[in-house]
Amino acid sequence: MRKFIVTTIAVCLACLGSAQSPAEFVKQVREVDFRFMQCLANGDHKTLDEILDKNAVIVSSAGKVGPRDHMINAVRTGITRVTWNAIEHEAVYLHGETAVVSEKLHSRGLSRGEKIDTWLQILRVYMHKEGKWRLISYQSTRILPS
């Protein structure tokens with residue numbers, strides 16, 4: 001309980017310092033997160049470049065770790081074009097000026113040039129920097145059929 005109170009106070013202080021409520025932060029994160037997902041689907045590498053932090057860490061469902069430039073180039077060249085059919089259990093967790101987005105989604109499209117049709121557990125971490133939410137970490141984990 002004490003950890004919850006301390007976390008809540010930290011979130012409230014961060015929001016007071018920026019004159020924004022936690023609900024407004026969550027709304028902003030959801031908006032930029034939706035734009036991020038649209039970039040993967042429509043090949044908008046320029047917006048992707050704006051959303052991804054310069055030091056972002058990307059972990060693919062194949063377990064490969066790489067810098068942001070790998071993701072941007074894959075989207076720019078068309079090697080990656082991902083759409084989503086269904087999103088389940090989406091949640092945004094605030095920790096001061098950091099937000100964690102967790103969701104389970106049904107993903108279709110191309111990944112590294114190969115067709116995909118799979119369920120993934122996704123974790124994306126955003127940080128509020130210079131007045132904008134930047135994606136600092138992305139990880140997808142393939143959910144195997146039971």
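Being a predicted model, the structure only gives us computed values, none of them experimental. Start at 1 with the first residue, then count along the sequence.
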Least distance between heavy atoms, [X] atom then [Y] atom:
{"X": "Ala86", "Y": "Trp119", "value": "CB-CH2, 4.0 Å"}
{"X": "Ala41", "Y": "Arg81", "value": "O-CD, 3.4 Å"}
{"X": "Ala99", "Y": "Val92", "value": "CB-CG1, 4.3 Å"}
{"X": "Arg30", "Y": "Ala91", "value": "NH2-CA, 4.5 Å"}
{"X": "Leu110", "Y": "Gly78", "value": "CD1-O, 3.9 Å"}

Exercise. Nearest 0.5 Å, what's the OG1-CD1 distance between Thr83 and Ile116?
Worked result: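 Interatomic distance, Thr83 OG1 to Ile116 CD1, rounded to 0.5 Å: 7.5 Å.
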Exercise. How long is the span from the CG atom in Asp53 to the NZ atom in Lys132, to the nearest 0.5 Å?
Worked result: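 It comes to 12.5 Å.
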Exercise. When you check the gap from the basic side-chain N to the acidic O, do Lys129 and Glu97 get nearer than 4.0 Å?
Worked result: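 Result for this pair is no, no salt bridge flagged.
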Could you check whether any side-chain heavy atom of [X] comes within less than 4.5 Å of a side-chain heavy atom of [Y], counting everything from C-beta outward?
{"X": "His45", "Y": "Thr77", "answer": "no"}
{"X": "Met71", "Y": "Leu48", "answer": "yes"}
{"X": "Lys54", "Y": "Arg134", "answer": "no"}
{"X": "Gln121", "Y": "His89", "answer": "no"}
{"X": "Thr118", "Y": "Ile143", "answer": "no"}
{"X": "Glu50", "Y": "Arg35", "answer": "yes"}

Are [X] and [Y] connected in the hydrophobic side-chain network, where two residues link if heavy atoms are under 4.5 Å apart?
{"X": "Leu120", "Y": "Phe34", "value": "yes"}
{"X": "Leu52", "Y": "Val65", "value": "no"}
{"X": "Ile51", "Y": "Val101", "value": "yes"}
{"X": "Leu135", "Y": "Ile72", "value": "yes"}
{"X": "Tyr138", "Y": "Ile87", "value": "yes"}

Exercise. Would the Tyr126 and Phe36 ring centres measure less than 6.0 Å apart?
Worked result: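 No - the distance between ring centres of Tyr126 and Phe36 does not fall below the 6.0 Å cut-off.
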Problem set entry | Check against side chain to side chain contact (heavy atoms under 4.5 Å, CB included), Val100 and His95 | CA-CA 8 Å; Val100 177; His95 303 278; 4.1 Å; yes
For this session: Answer yes or no: does atom CD of Glu88 have more than 12 heavy-atom neighbours from other residues, nucleotides or ligands under 6.0 Å?
Result: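 For Glu88, atom CD is crowded (more than 12 foreign heavy atoms under 6.0 Å).
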Exercise. So, His106 versus Asp117: side-chain donor-acceptor pair below 3.5 Å or not?
Worked result: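 There is such a pair between these side chains.
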For this session: Using the six-membered ring wherever Trp is involved, compare the ring planes of His128 and Trp133 and label them parallel, tilted or perpendicular (cut-offs 30° and 60°).
Result: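 Aromatic pair His128/Trp133 classed tilted.
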For this session: Could you walk me through whether His70 and Ile58 pass the side chain to side chain contact (heavy atoms under 4.5 Å, CB included) test, one step at a time?
Result: CA-CA 9 Å; His70 289 173; Ile58 311 299; over 6 Å; no
